[in-house]
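One structure is given below, encoded as C-alpha cells.
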Protein chains: 2
Amino acid sequence: MIDAIQKRLLAEIADLHTVPTGAYNIRANSKLAARNTTANIDIVSKADVSGIDIRIKPGTKKESVHIPVVLSDSGLKETVYNDFYIGEDCDVVIVAGCGIHNCGVQDSEHDGVHRFFVGRNSKVKYVEKHYGEGDGRGKRILNPVTEAYLEEGSSMEMEMVQIKGVDSTVRTTKAELAANASLVVRERLMTHGNQKAKSIYETYLNGDGAAADVVSRSVAREESFQEFSSRITGNAACKGHTECDAIIMDKARVLAIPQLDANNVDAALVHEAAIGKIAGEQIIKLMTLGLTQEQAEEQIINGFLK
Amino acid sequence: MIDAIQKRLLAEIADLHTVPTGAYNIRANSKLAARNTTANIDIVSKADVSGIDIRIKPGTKKESVHIPVVLSDSGLKETVYNDFYIGEDCDVVIVAGCGIHNCGVQDSEHDGVHRFFVGRNSKVKYVEKHYGEGDGRGKRILNPVTEAYLEEGSSMEMEMVQIKGVDSTVRTTKAELAANASLVVRERLMTHGNQKAKSIYETYLNGDGAAADVVSRSVAREESFQEFSSRITGNAACKGHTECDAIIMDKARVLAIPQLDANNVDAALVHEAAIGKIAGEQIIKLMTLGLTQEQAEEQIINGFLK
C-alpha cells in the first residue's frame, strides 16, 4: 500500500513513477510494501535483523534491482542491513535510496547498511539517492554505510546523490579492490539551512591493476556544514584519484580532508580539492542574458551538480 | 671554538665557510660559540629558558641573521626557544638550521622552537636546513616548531630543507596571516633507511587579501616513512594553495593528508597531491644517454628536490 506522499518520495529517489520492471523491494514506514523477484535475482528477508539478502545469479546481464525506502511517519528510527551477492560475469543496475517526509515533531532516521560482494568480472552500476521533505520540527536523518568488495576484474560505479532536505547525514563508504578491479564514485551533495553532511570514503587498492576514481561535487548554502574525507590506500601496483570540488555560499563551511597512503612503490595516487564561491564573472555573464542574480546562481549550481 | 666537524656541519646547514657577515649566533654543543650584533639587529640570550631574542629595528633592509646550531657530542638533548621580533618595513634574510654529528650510542636531539613576529609591510626570507651524519647507533632527532605571526601587508618565504641523516623528525609549522599578508613555503625532504619524518603545516588566513602557498616536495627511499599534513583555514576573503608531491622508492611509505577549511564565502582554497614512483620513461631516457639506472635515479631526484 503506497500512498500519494510515498509515491512522490519514490519518484524523487528512484525515478519511479510506476512499478519498476525487474526485481524490486519497496520498504515503506519500516515494513515491506512490495517485492518482486526474477529468475536471476532473488530477494529474501533476513531472519536475524531488519533487511534483505539480494542474490544475483552468475551471468545475469542487463537486469536491475530497485530497493527504495520511504518514511512518511514522524519519529521512525531504523537500521536496515541489505547484502548484495553478485555472481561472476554479471552486468546489473542497482537503485537504492531513501526518501523521508517528516511533518511531525519527532526525528525520523533511516540508517541503511549496504554490502556488495561483486564476483569476478562483474559490472555493477549503483545509484543511491537521498531526499527529505516536510516542514515539521522533527529532523530527517540518514546515515548510510556502503561497503563494496570487488573481486578480480570486477567494476562498480556508484552514483551517490543527496540534493535536498536531509538535516543530518554521515555517509560512510568503504571499498576493497582486488587485482584489475575498478571503482568509480560520483557524489553530488547540496546542503541548506543548518544541515550537516559528512562523507567518508575509504578505498583500499589491494591488487595489481586496481583503479579508483572518487569524485565529490558539492554545494554548501546558508549556514550548512560539509566535511569530505576520502582516503585512498595503495597496497599494490595501482592507480588512485580522489577529488573534491565544493562551492560555498552565504555562511556555509566546507572542510576537505583527502588522504593518500602509498604503501607500494608502484602505487600512483593523486588528489585534488578546490573550495570557493561561484566566480563573479559567471554570474554577470548570465545576468547580461536576462537572468536575475538568483536565477544565475541556480543555473550555475544545477550545471555543477549535474 | 669551532672544530673541524662543526665547521663541516655549518657548511652543510648554513652554507657557511667563513664567519658570516651581519648578525649571527652560533650554538655548538648546547653552548654559545660566537655572536655578532649590528646597529639594527640585536641578539640577547633569554634569561628564563635556553634560547635567544632577536630584535630587528623597523626599516632594516638588506641585512641577514644566521643562527646555526651544531651538535657533535653524542647524547645531547636540548630544547631551544628563539624569538624573532621584526619591526615594520624590514627586508631581511634569516638563516637557521641544525647539524648533528652523532658517532656515539646515545640519541642526540635538538628541538628548536622559533617564533616570528613580522611587523607591518615587512619582508622576511627564512631558510632552515637540517642535516645529520655519523655512524653511531645513537639516533639523530630534530623536532622543529616554527610559528609565524604576519601583520598586515607583511610577507614571509620559508625554505625548509631536510635532505639527509635525520632519523626522526616532527616538523610543526603554524602561521597566522593578517590582511594582505602572504606566506610562501617550500619544503624539500628526503628520507632513507628507517627514518621517519612528519611535517605538519597549519595556516590561518585571517585577513582579507591574505594568501598562502605551501608546497612540499619529498623523496622517500628504502623503508622510510613520511607523513605530510597541511591544513589551510580560510577565515576571510583569501587565497590558499597547498601541494604535496612525493616520489616513493623501494619499500617506503608516504601518507599525505592536506586539509582545507573554508569558513568564509570569499575564501578560495585549493590543494593537490601526487604520490608515485619515478616514471620509467624518464629513467630509460637518461640511461640511453649513458647513465646507469642508479645515476639516472639520482639525477631525477636531484632535479626534483632542487
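The model shown is predicted, which means the values in this text are computed figures rather than measured ones. Letters A, B, ... are given to chains in the order of the sequence lines, protein chains preceding strands, and every chain is numbered from 1.
In this structure, no portion of B:Lys251 lies under 4.5 Å from any heavy atom of chain A. Both the backbone and the side chain of B:Ala262 come within less than 4.5 Å of a heavy atom in chain A.
Of the listed residues (A:Ser229, A:Gly276, A:Ala274, A:Ala273), the greatest number of heavy-atom pairs within a distance under 4.5 Å of chain B belongs to A:Ala273. Between chain B and the residues A:Val254, A:Val270, A:Asn264, the most heavy-atom pairs under 4.5 angstrom are made by A:Val254. Between chain A and the residues B:Leu255, B:Thr233, B:Leu260, the most heavy-atom pairs under 4.5 angstrom are made by B:Leu260. Chosen from B:Thr242, B:Asp250, B:Ile257, B:Ile278, the residue pairing most often with chain A at heavy-atom distances under 4.5 Å is B:Ile257.
To the nearest 0.5 Å, the span separating NE2 on B:His271 from CD1 on A:Ile275 amounts to 7.0 Å.
Shown here for B:Lys277 and A:Val265, the closest heavy-atom pair between the two residues is CB-O, 3.2 Å.
Heavy-atom neighbours of A:Lys239 NZ from other residues, nucleotides or ligands within 6.0 Å: at or below the threshold of 12.
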